[in-house]
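Have a look at the structure below, then the notes.
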Amino acid sequence: MRKFIPVMMLASAAAVGATGCSNFLSSNDVTQDPNQPSSATAAQLFQGVQASQWTEQEAIPAITSCIFIQQCSGRGSGRFLDSFTQYIFSAQDFSFDFGQMYLGGGLIDIRSVESATGAAGNLGFRGVARIYEALVMSTAASIWGDIPWSQAGNPDASPTPGLDQQFDIYTGLLTLLDDAITDLAAPITGSNAGPGAVDLVFARFDPNNTAWPGQWTRVAHTLKARIYLHMAEVNGAPAYASAVTEANLGINNINESFRAQHSTTANEGNQWWQFNVTAFGRDLTAGLPMVNLMNNRDGVVGNADPRLPEYFGCAPGTSPCQYIGNGFPADPTPPSYIEGTRNVASFNQGLVTWEENQLILAEATCAPAQVAGATGGVDPTTVCAASAAALNAERTAHGLGTIATPTIRDIMEEKYVAMFQNIEAWSDYKRTCIPTLVPNNGTFGPPAQIPGRFYYGDSEVNANSSNYPTTAGELTFGGSFVSGQNIVGFRNPDDPKPCP
Amino acid sequence: MVRALRRMLATVGAVALLPIGLAAQEAATIGGQVVSQDGKPIPGATIAIPEMGLGATSRTDGRYTVTVPAARVQGQRVSVTARAINFKPQTVQVTIAPGQQTQDFTLAPNPLQLGEIVVTGTGTTTESEKLPNVRSNVSGEAITKSNETNVIQALAAQAPGVQVSQQSGEPGAGSFINIRGIRTIYGGAQPLIVVDGTPVNNDTYSTGQFNPTDELATPEVAGVANTNRAGDINPNDIESVEILKGAAASALYGSRAASGVILIKTKSGRAGPTHFSIGTSYSSDHVQHYYDLQTRWGQGANGIDPRVANPAACDAPSGACRRSWGPDLTDPATAALGVPTTIYDHAKEAYTDGYNSTTTATVSGGNDRTTFFVSGEYVYNRGVFVGPNNKFQRGTVRVNASQRIGEAFKVGANVSYANTFGQFVQRGNNVNGLQLGLLRTPPNFNNLPYLDPVTGTHRSYLFQHPTAQDIAVNRGFDNPFYTLYTGQNTSQVNRVYGNVNLDYQATKFLKFGYTLGGDYAQDERMGAAGQQSSDVSVGGRVVEGKITNLSLDQNLNGTATWRRNANLAGTVTVGTTLNIRNYRDLGNTGRTLITEPPFRLSNTVTRDPVVDNQSNIHNLSFFGQATLDLFNQLYITAAATRFGSSTFTSQNTYRWYPKVGASWEFTKALHLQEGSFLSYGKLRAAYGEAGTEAPAYVTNTTYNALPFFGAVQGTSLTPTIGGNAGLSSNATRGSTDLAPEVSKETELGTDIGFWKDRADISFTYYHSITDQVIAPLPLAPSSGFLFQWQNALKLRNEGAEVALNVRPIVTRDVSWDVGLQWSKNKSRTLSIANNVNFVGTDPAGATAEFVQWVAIPGEEYGVLRSQGWVRCGISPAGTLGNNAGGSDSLGGLCAGQPKGALYLDATGNPVADPTLRVVANPNPNWLGSARTSVRWKKLTVSGLLDVKNGGQVWNGTKGALLSYGTAAETSTRCTFVSGSCIGNDKRLGIDPVYGFPAQPIVGEGVGVAIPIGAAFYQGVAACPFTGIDDPCIEDGGYVKLREISVGWTMDYPWVQKSLGLSSIDVRVAGRNLHTWSNYSGYDPEANLGGSISARSADYFNAPQTRSFVFSVTLNR
């Protein structure tokens, strides 16, 4: 037996020695992630960007802004949408959404696409990516005010990105959109092939479409017009004039709007529809001002807006069908849910649309004459005769009659209806205070106002605390501690005057 | 490093050759019997001649034989020591001479466990009095007596400083164990489990991990209860459990031991006649505490049942039907309106009596050279929920055999096979969950039959009259009986684990040990909801997946024992371990069942993206340990492990983990007289370091194809759209510098015996600093990443443990002993890197948590960060805005008021503070237990109390049920008159209202009474929905009567003569008989996430159960 002992010991030693070879702890098997790729192409990332940002544009920011401006209501549900309706929320509630603007599928990947396509000479693709950056960051700046942009998405150089002032971001994005327009003007030849099939908006479903550079160019102009309007409450007439200029170059065909593309395939469905299917779907109902406005268009009782059945379902138990909004406090009558004909998985949500472009043109054409007063908003009675053409083109496209001499109220009420489920509608209200809304009596803090912004994302404050105000600071002074503007209430620099 | 290893092994191999070539003469045989003081044979005692490296084990009749090879018989005088568990060792001097000689041993009781051999890990052992750490040993008998199916749960209240919490009373529900406070984030803060020298998997997996679309953020708080894999161990196989509590004890396990190590030793065969044992036990299980629900108010809103105006109002989910704020069911006018007024007992209707039937069998025996132990077990645990889908089965087989080859070589194999099958019921934050649908049901809705008697389709209180066509239509919440009878949630595990081991006594002073162990398990999961389910399961949903774990572990060690003289001795051990772990999962979610049944992925219309992961982790370590025994009373131990793991960045692969300790039996120095008051005394001190390794591959920056989360659970958009493949940057950035985290622990203590060992007390103080804690450190999202695994935190844990045992009566026929244990741990987060304010304690990251337990510098670890009410001295300036003059409104109101005073606005309501803060601390103030045992001849009665003082629980269940108007507290409420809720006026902070105990209050609303009813309970008290958790925090302290048992051992002559048995053990016991607590939910041992996370959170958890057990074991 003893003869075996050294043999066995040596065998053991050999076993250990063999397995303990130099790369036992460092071979690729144990150090390289076998589950996830370590590289991605621009086309693959651009797919992710579209999915991520369409989600963002249709999920919590859209639902919450819909509630804030009372197109929707969560009142009476007793759950988180009820809290939003009462303006009870914290930095945790919007942390995810703040992050989604920047994280994978957001700015960091958009910048990667821009960089890779630029280096490859695919300027058309880069132009489209730049438009996405402008859409994402202008939305973020509209919601949160001063946010990181110029240093964002660069973790090595700027692990804790500093803030850019909201107006600097707007100005920068206008330049970026000009760059995008220049990119899109480059001849489509050779390496400049554009995004091709990964452009899910204009190319994926129409491979023979060669008009995509022009279509995206017009989207860029409409976005520029939108951004000028964001600046109008502060900058006044010049901003409106620029908006008119851009809108005239903007989307000119109702079929060429920039829409999120959805289908009935799993995980490709419209987010509003997906939300409606969940247990929380019954928490979101039609808002009272919205339904009242659509039931009685142009101040005429019973003059129903043709889009009512698109947006909302009949109130439960009503026959014939009635559309009933949920007010504050909640009416005991069961209200309509967000389950009109567009509440289907495959509805392509408009993000930057021909309707918006028309109504920007209408508003901006009129507004220089009656820039907001001291109490915020615009004078709703202001007559906008020059805006009639733009407004009426949009109205007739949706089955409404024309108005020969519209007022700014007519324009903004139509925009309030047309921009349903679009975050931009919140910005329109903050700027014009039309339609007239009564803040809900929540626990938001005295005096109750319709919130002008969200709290900064909790995750951002947690890891970048030197670049953000405290939550209480946001509540009291707005988010503009960097720019030093003393804005009363929960507002951003582009919205200094709360609605009365 | 490799060279060093090979050099070491070469040395070891060379030493192994030493005995070869020694001379040979005539053998000597020493034999005899080992008996107790009352003359009973002691089986399993070890008889050893340390100087010669020889030994034997006594047979069942206590007899033994040690043969000294002829070549080594030189007439020398040697020490022969007999040891047995629960007996003091005895050493005699024997002269080795050719031929046979007899040496009997009579061993005295050993209540202080002195002289017992204690396994200290990685093949090292020592005697208990030489341990520099406190010893926490749990006997196999205590494990068996607990009647717990899960060995981890059986450790509850068995050792000070060890906290065990069970997810629920459901069959197969997992248990979480923590030692001396949580000191790490990754790895779940649970100790390493080692069975017979081989680490085994104790992870817990959620089926929800295969369904990231619906459960991306919180798979652990929905779905079903999940079993921790230590639940595959047959508790009856366990001989003893040693708990290595801190780094000072567990350092040899390197980067896997910061949370301690649990060493399980399984039973083995003994030389002697073959011994048979067949046992069966049956327990009757019952819900320990039913939920308190109101039974007065019916379905509806604003005091109105919507069905009065519209009989079809509740035939589709709607807000007006969701809650129980309807009419008074005791008012005759209500019935007159046609409102159903029959009350249904939803608190109890879903339960029945459960049971647990366990059958065990063992065969063991052997001879001086061969031993074997074969065991089998079958457990069938039927839960307390009605329906066919609440059960857990486990079958295990274990073979443990050893063969002595020659005089110096022993080879053994110890292999277990376990097959478990669990059928579980959906629970937690989940509209398909049993409790959520059950407890929210209005008292005047009959959940039965759950299928409409006319159409045969699923009816629920939100969808009361479904048509035959209403198949794939959302019910709002599932009828609880639909959940119970239709849902299929299974886990099928096949697992083999064990090892082969070799012992070689190379010389009289040199011994080698080698263990090659493996642990392979495959867990097949299925979670299916029927076609008529609600929410994300509308149309039916099937989640299927497989989880495969493979672990290989090799340990080679050599120990040299030396003794210079009576006052100077010691040991030197060197060794190496190698560990390979491979994890693999593969699963998918299918939606919309084509037909029902079968519940199979192939029977669904669409499939989500496949979930497909694997990981490989390698460890390699080298260790050495030296002990020094001075004057037979001072024992010094020093050791170091060089531990390497593949999970760190390359520059940090290895780290040294040292430990050093000393124990001094000072009573030996005092030369106390026999019978002195102080019978034994020992001081001990130890210092050690142990670590935690990182997750695999977190050093990689990668991309993924995961869907983007939408507004709520179940909503998302995939980056692969229209057939175009998409990717996005992972939110977690690859780490560029990741090193082991290290716990550095100092432990001081004393063990003292009194009154001839009639009493003993053990006191231990420990102080631990865990530095470079590995965590997903939050990054600024604007940087493009959300997390990066880093050495991010510094934590401190310090505490004390006391154990007192008293044996007032110790006679041949009667004995009585009492044991008290107490421990206190205080943790603190000392710092977080990069000026980050807080880190979530869930490895998935703070944003993924259902309830955000966090580490915040200056606070105890794991506190709850959330929203609270505006309070003086807590809410920041500016929270209520400024006065006209510009001064802070809150500051003016709070001047002169105590910190924490609650602000009430003019309406008498509190105001939400938007600034997030710490609102609860789940950590207990102290833990304790008391046990006693009284024996009269063959009859033993014992009991065990488990005490947890303090530790807050987030009672989200109560918050939700207050909102829904079904909680018992809502039975008294304001009533609607002309649209206004009138009556039940209360002044918050003054009058008793749930969530608002008497407290200092300030503001315009002081003394203003508000009507307590729907508006209050929905808008103020409903923490899960408002996000303001202040009112839902409850004291989670408890006293639990864990166990009372009566055991009777019948070894009477008639048993042996008539039945041919050696004895019959009969036992009647009660488990978890009663809980004393102020907690208003099911149970303060709330543990929503089971052994994953979200502990101390209650959100529609299942209740705990009490059991009455009867067991019989036949022994031969």
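By convention in this document, chain letters (A, B, ...) are assigned in the order of the sequence lines, proteins followed by strands, and residues within each chain are numbered from 1. If you're wondering where the values come from, they're calculated on a predicted model, not measured in any experiment.
Both the backbone and the side chain of A:Leu45 come within contact range of chain B, judged by heavy atoms closer than 4.5 Å. Contact of A:Phe84 with chain B is not made at all, since no heavy-atom distance falls under 4.5 Å. If you measure heavy-atom distances from A:Ser158 to chain B, the contacts under 4.5 Å come from the backbone alone. Interface remark: B:Asn724 contributes backbone and side-chain atoms alike to the contact with chain A (heavy atom separation under 4.5 Å). Both the backbone and the side chain of A:Gln32 come within contact range of chain B, with heavy atoms under 4.5 Å apart.
For the pair B:Phe787/B:Leu777, no side-chain contact is recorded, criterion being any heavy-atom separation below 4.5 Å from C-beta on. Between B:Leu620 and B:Tyr654, the closest side-chain pair of non-hydrogen atoms falls below 4.5 Å.
With chain B as the partner, the residue from A:Leu107, A:Thr265, A:Asp283, A:Thr160 showing the most heavy-atom pairs under 4.5 Å is A:Asp283. Between chain A and the residues B:Val836, B:Asn616, B:Asn700, the most heavy-atom pairs under 4.5 angstrom are made by B:Asn700. Per-residue heavy-atom pair counts under 4.5 Å with chain B were compared for A:Ala157, A:Pro316, A:Ser112, A:Ser39, and the maximum is reached by A:Ser39.
Aromatic ring pairs are classed by plane angle as parallel below 30°, tilted from 30° to 60° and perpendicular above 60°; the pair A:Phe280 and A:Phe275 is parallel. Note: B:Tyr1017 and B:Trp325 have parallel aromatic rings, judged against thresholds of 30 and 60 degrees for the angle between ring planes.
Ring centroid separation for the pair A:Phe80 and B:Phe1025 does not come in under the 6.0 Å cut-off.
The local environment of CG in B:Asn835 is sparse, with at most 12 non-hydrogen atoms from other residues, nucleotides or ligands closer than 6.0 Å.
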